[in-house]
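Structure first, then comments.
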Amino acid sequence: MSAPRFRFAPSPTGIFHIGGARTALMNWALAKRLGGTFVLRIEDTDEARNRPEWTEGIIDSLAWIGISRDDPTFEGPYFQSAYADQHVAAAQRLFDAGHAYYCDLTPDEIQQRAAAEGTQGYGGWSRDRGLGPGPGRVLRFRVAAGTTVVHDAVRGEVTFDNAVIEDFVLLRGNGSPMFLLANVVDDLTMGITHVIRAEEHLPNTPKQQMIWEALGHTVPQWAHVPVLVNEQRKKISKRRDKVALESFRAEGYIAEAMVNYLMTLGWSPRGGEEIVAWQVVEDEFRLEDVNLSPAFFDLKKLAAFNAEYLRRMTPEQFAEAAEPWLAQWRAAHPGAVWDQQRFLAMVPVIQPRVSTLAEAPGVVDFLFLPHPQFDEASLAKALATDEAAGIVADSIAAFTTCDWTCDAINAAFAEVAERHGLKLGKAQAPVRVAVSGRTVGPPLFESLEALGRDETLRRLRALPEGVRVP
RNA sequence: GGCCCGUUCGUCUAGAGGCCUAGGACACCACCCUCUCAAGGUGGCGGCACGGGUUCGAAUCCCGUACGGGCUGCCA
């Protein structure tokens, strides 16, 4: 048995869809495990031909989720137009063998006839007229009587009554091949053995199967996986929903989390653990195990996956992964003074507090800004209290002399709190706001240690007159 | 309208006739931990769409109903 070949044929629209990413991943997992090939074929449209960057975008997105063109399993990209001659040649063979016939009825005429007969669609009126090719004449496939059974790896046998499948068009009036034909011819000339795609294509499958068989080939293994839906339970669409893989990437979702989450939609790894390495997916993914019903793409769960992946990183990995977003932050805050060592020291406390990399700068931004950005509510809540001034004054005194380590700062401040008869949690608020501008944030003493004694004292002293409410 | 597909907690899933008093994850709630916020820990809430069969026994098999979705071009 020769090695299986999986084709992935996204329609180029300028964005690469999360749904497309999921089917690509399924194809990829199987191609890898079975020692097969992942064949990328770009559908041929005028727009796509004029915009090579769309194709590059698809390749780039695939690479991000681990489907790299540099991997020997990857083949392509191919473009449909590369086989244009064969599309027409195949149509000719179909005609010669009697599997197709010409029809000169225009869409309008077909509609009129259907209306007159009280039916819908094309009624096969030209079937036995023996027409030859000619301008304006379309070539239609002669659908045989009986039934067509599609053997689907996900859904089992699906039976279609051929009587409800009209004689569909293979070649347009201008002689150009229809997508359906082109698709099948491409698949068989490229030796495709597995067609894994979204369920929406299931109704077209019997037509494609008929062409495969009429051309004398055995059909590939079909597999129609359920679509991804939005909260309204409608198929996600780029008009209504956020579906671009790239937008998730730009928001700081990491590829491993995205890949892992996407694969849990309609399928789950054995063993009950759903956060798994790609290798597990590669080892365990089976089409027979894919669910039959549509899955809702849940942003919250994706975020949870992403947060988990972020927490599992080493501080070094996290810092490296976050760098693009840090750079972005620096560019947006020219007045800030970046200190990489200071950032690195804070990474362990940032990690459990973010669910995307894009949130990382916001957790510790006050450490690099020349002045904290005070938020009004925090000021009122923590600094406009009776004890606040005293605590700040005592803190200045304590911090001037204590050792400058997290533990020492903690101990020194504990004494201040006790002197004021307050719990640590309550007492730290004014200091936190004085230093960071907010009532919530990373652990105070770690932050102060990272900030340094001088800057900490400066901010505390600056408070009475230096406070600026935005 | 026709054809096709689907239906387990709010969401994603485990479940292939007795292991199911239906398990896990996300979300939500409570408590614990705690220098705020997180993270972590413990617990809670919550589901087999409905009706008939088949069977000693059904979330699992069959039929029907309801609801949801997809497809129905000389688009790709």
Side-chain angles (χ1 to χ4, degrees), chain A residues 9 11-13 43-48 80 103 105-107 110 119-122 136-140 150 152 154-155 158-161 163-166 168-180 182-183 198-206 224 226-227 229 231-235 261 264-275 289 291-305 307-308 311 348-355 363 378 382 409-410 413-414 417 422-429 431-433 436 438-447:
Chain A
S11 46
T13 58
E43 289 183 9
D44 183 37
T45 64
D46 288 342
E47 243 182 326
Q80 224 159 57
C103 170
L105 263 35
T106 65
I110 289 171
T119 59
Q120 274 192 320
Y122 174 68
R137 292 182 178 177
V138 301
L139 184 70
R140 310 191 87 112
V150 171
D152 190 286
V154 174
R155 342 187 77 86
V158 184
T159 305
F160 296 85
D161 183 354
V164 301
I165 301 173
E166 64 180 33
F168 52 95
V169 174
L170 259 17
L171 253 30
R172 299 187 183 87
N174 65 7
S176 65
M178 290 285 285
F179 175 76
L180 190 77
N183 215 20
E199 186 191 355
E200 58 199 283
H201 293 104
L202 185 53
N204 268 327
T205 309
H224 292 89
V227 294
V229 296
E231 43 279 273
Q232 278 84 241
R233 296 256 120 206
K234 300 255 199 261
K235 185 176 71 167
Y261 176 62
T264 65
L265 262 22
W267 178 78
S268 68
R270 299 171 186 288
E273 185 53 57
E274 55 185 5
I275 304 240
D289 297 336
N291 271 188
L292 303 169
S293 48
F296 170 59
F297 185 87
D298 186 357
L299 250 348
K300 281 193 172 168
K301 188 149 184 178
L302 201 219
F305 267 55
E308 178 64 24
R311 273 181 248 121
V349 302
I350 297 173
Q351 280 180 278
R353 288 178 173 73
V354 296
S355 60
V363 177
S378 298
I409 297 167
N410 190 341
F413 188 76
L422 294 171
K423 288 196 161 185
L424 216 49
K426 188 93 172 155
Q428 53 96 41
V431 176
R432 175 181 293 282
V433 174
S436 76
R438 302 174 221 124
T439 52
V440 300
L444 219 215
F445 307 120
E446 274 87 343
S447 302

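In the text below, chain A, chain B and the rest are named by the order of the sequence lines, each starting its count at 1.
Separating the CG atom of A/Asp152 from the C1' atom of B/G70 is a distance of 14 Å, rounded to the nearest angstrom. The distance between atom CD of A/Glu166 and atom P of B/C71, rounded to the nearest whole Å, is 17 Å. Rounded to whole Å, the distance from CD on A/Glu231 to P on B/C12 is 11 Å. In this structure, A/Glu200 places its CD atom 9 Å from P of B/U72, rounding to the nearest Å. Between the C1' atom of B/G10 and the CZ atom of A/Arg233 lies a distance of 11 Å, rounded to the nearest Å.
B/C48: no Watson-Crick or G-U partner with both key distances under 3.5 Å is found in any strand. In this structure, B/C31 and B/G41 make a Watson-Crick or G-U wobble pair, each of the two defining distances being under 3.5 angstrom. Look at B/C20: it lacks any Watson-Crick or wobble partner with both distances under 3.5 angstrom. Pair assignment for B/U60 gives none, since no Watson-Crick or G-U wobble pairing has each distance under 3.5 Å. B/C26 is paired with B/G10 under the Watson-Crick or G-U wobble criterion, all donor-acceptor distances under 3.5 Å. When both distances must be under 3.5 Å, the Watson-Crick or G-U wobble mate of B/C71 is B/G2.
Dashed line: the shortest gap from a side-chain N or O of A/Ser268 to OP1 or OP2 of B/A14 is under 4.0 Å.
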Taking N or O atoms only and anything under 3.5 Å, show me the protein contacts with nucleotides 1-5 of chain B, one pair per line.
unit_1, atom_1, unit_2, atom_2, d
B/G1, N2, A/Gln120, OE1, 2.8
B/G1, N3, A/Gln120, OE1, 3.3
B/C5, O2', A/Arg155, NE, 3.4
B/C5, O2', A/Arg155, NH2, 2.7
B/C5, O2', A/Glu199, OE2, 2.7

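Spacing of P atoms, B/U7 relative to B/C63, comes out at 14 Å, to the nearest Å. B/U11 sits 15 Å from B/C45 when the C1' atoms are compared, rounded to a whole Å.
Side-chain proximity of A/Asn291 to B/U13, B/C74, B/U7: nearest is B/U13. Comparing B/C74, B/U13, B/G70 against the side chain of A/Val169 picks out B/C74 as the nearest.
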Tell me, for nucleotides 20-42 of chain B in 5' to 3' order, what letter each nucleotide earns: B for a base near a protein heavy atom under 4.0 Å, S for only sugar-phosphate near one, - for neither?
----BBSS-------BBBBSS--
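For the ring pair (Phe, Tyr, Trp, His ring centres under 6.0 Å) test, residues two or more places apart in sequence or in another chain that qualify with A/Tyr261 are A/Phe297, A/Phe305.
A/Thr264 contributes atom OG1, which lies 10.5 Å from atom CG of A/Asn291 (distance to the nearest 0.5 angstrom).
A/Gly136 comes within contact range of at least one nucleobase, with a heavy-atom separation under 4.0 Å. Note on A/Lys235: only backbone sugar-phosphate atoms sit closer than 4.0 angstrom, heavy atoms only; bases stay farther off.
Side-chain contact annotation: A/Ser176 with A/Asn174, donor-acceptor N/O pair under 3.5 Å present.
The number of heavy-atom neighbours closer than 6.0 Å to CZ of A/Arg311, taken from other residues, nucleotides and ligands shown, is above 12.
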